[in-house]
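Only a predicted model underlies this, so the values are computations on that prediction, with no experimental measurement involved. Whatever order the structure lists them in is the order used to number ligands and atoms, beginning at 1. Position 1 is the first residue of the sequence; numbering continues from there.
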Amino acid sequence: MRIGIFGGTFNPIHLGHLIVAEDIRENFSLERILFVPSARPPHKPAPELIDAEHRLEMTRLALKGNPYFDLSAIEHHRSGFSYSVDTVESFRSECGSEAELFFILGIDAFADINSWHEPKRLIGLCNFIVMSRPGFILEEALHFCTSTFGIRAEPGSRQIPLPNGHFLYLEDATPVGISSTLVRDRIREGRSLKYILPESVASYIISNGLYAEKRKF
Ligand code: ATP
């Protein structure tokens with residue numbers, strides 16, 4: 001089994017997340033991708049972060065219709081901050097040693113991995129797929145490999161050996177200039193949400209009045 005783990009705050013989930021996840025599923029022949037909304041993200045305690053239950057439900061709605069995409073509420077069932085290292089370890093023991101795990105993240109998130117909880121332990125737990133994202137330079141991941149993990153990566157390399165026989169892959173995904181920040185801004189400005197996130201998610205946001213209040217700062 002080749003299983004992708006795609007974590008995020010999904011505040012809210014948008015078409016960018018879905019398009020690049022489908023790219024990765026195809027390109028890496030993954031049998032499933034588990035979307036893992038972060039219940040209590042240590043990094044995004046911003047006033048804009050809405051209730052975990054809403055983010056979970058929106059993710060569930062967004063994944064409907066793709067048999068390869070599954071929702072995992074693993075971080076909702078755990079207390080304390082939602083650390084990726086704990087999540088990957090749980091999947092590791094749940095899926096058994098036969099399963100090949102691929103942790104999927106954008107280059108913007110990877111660039112920040114130094115500030116994550118126990119990044120050196122995390123990088124030794126499974127394979128990593130770092131995806132391109134408009135506005136960021138994918139090749140900078142090579143620099144972060146060296147500066148953060150002391151892993152020497154050849155210039156131009158797209159497959160970097162990690163500890164424990166795993167690999168870190170750099171992958172070009174469809175460039176989609178959508179972010180959750182953009183979605184939240186558009187809601188506050190009363191602008192259209194069409195073609196930015198699934199209609200079911202847009203309806204959920206509107207019927208629950210999410211993200212609508214004005215900025216407090
Ligand atoms: P925000 O704007 O609130 O920071 P976001 O759009 O980056 O949110 P997250 O839920 O924080 O969304 O992202 C989860 C993961 O998805 C991260 O690894 C991020 O890099 C990746 N990601 C999000 N949007 C895109 C995109 N348009 N293209 C490529 N990767 C993306």
Within the 4.0 Å heavy-atom shell around Arg184, which atoms of ligand 1 are there? 3 (O)
Would the number of heavy atoms belonging to other residues, nucleotides or ligands and lying under 6.0 Å from CD1 of Ile137 be above 12? no
With heavy-atom distances below 4.0 Å as the criterion, list the atoms of ligand 1 near Gly7. 14 (C), 15 (C)
Does a side-chain N-to-carboxylate-O contact under 4.0 Å join Arg25 and Glu22? yes
Residues in side chain to side chain contact (heavy atoms under 4.5 Å, CB included) with Glu57, at least two apart? Arg60, Leu61, Tyr204
Are any of the N/O atoms on Gly8, whether in the backbone or the side chain, positioned under 3.5 angstrom from an N/O atom of ligand 1? no
Do you see a donor-acceptor pair shorter than 3.5 Å between the side chains of Thr174 and Asp23? yes
Please state which part of Ile13 comes within less than 4.0 Å of ligand 1, counting heavy atoms only: side chain, backbone, both or neither. neither
Please report whether the ring centroid of His17 lies less than 6.0 Å from that of Phe10. yes
Does ligand 1 have any atom sitting under 4.0 Å from a heavy atom of Asn11? no
Take atom CD of Glu199 as the centre, draw a 6.0 Å sphere, and report whether it contains more than 12 heavy atoms from other residues, nucleotides or ligands. no
What part of Ser132 sits under 4.0 Å from ligand 1 if we count only heavy atoms: the side chain, the backbone, both or neither? backbone
Going by the atom numbers of ligand 1, which of them fall below 4.0 Å from some non-hydrogen atom of His14? 6 (O), 24 (N)
What atoms of ligand 1 come within less than 4.0 Å of a heavy atom belonging to Ser180? 1 (P), 2 (O), 3 (O), 5 (P), 6 (O), 8 (O), 12 (O)
One finds that the ligand 1 atoms under 4.0 Å from a non-hydrogen atom of Phe6 are 15 (C), 16 (O)
Ion pair Arg184/Glu189, N-O distance below 4.0 Å: no
Among Ala111, Gly106, Gly16, whose heavy atom sits nearest atom 17 (C) of ligand 1? Gly106
Strictly below 4.0 Å, N to O, side chains only: are Glu48 and Arg188 in salt-bridge contact? yes
Identify, by atom number and element, the atoms of ligand 1 in contact range of Thr9, meaning under 4.0 Å from any of its heavy atoms. 9 (P), 10 (O), 11 (O)
List ligand 1 atoms under 4.0 Å from Ser179, heavy atoms only on the residue side. 2 (O), 6 (O)
Please report, to 0.1 Å, the donor-acceptor pairs under 3.5 Å made by any side chain of residues 97-111, with sequence neighbours excluded.
unit_1, atom_1, unit_2, atom_2, d
Glu100, OE1, Arg2, NH1, 3.3
Asp108, OD2, Arg133, NH1, 3.0

Any nitrogen or oxygen of Leu105, main chain or side chain, under 3.5 Å from a nitrogen or oxygen of ligand 1? no
Could you work out, for atom 28 (N) of ligand 1, the closest of His17, Arg133, Arg55 by heavy-atom distance? Arg133
First locate atom CD1 of Ile74, then atom CD1 of Ile5, and finally report the distance between them rounded to the nearest 0.5 Å. 8.5 Å
If you measure every N or O of Ile178 against every N or O of ligand 1, does any of those distances drop under 3.5 Å? yes
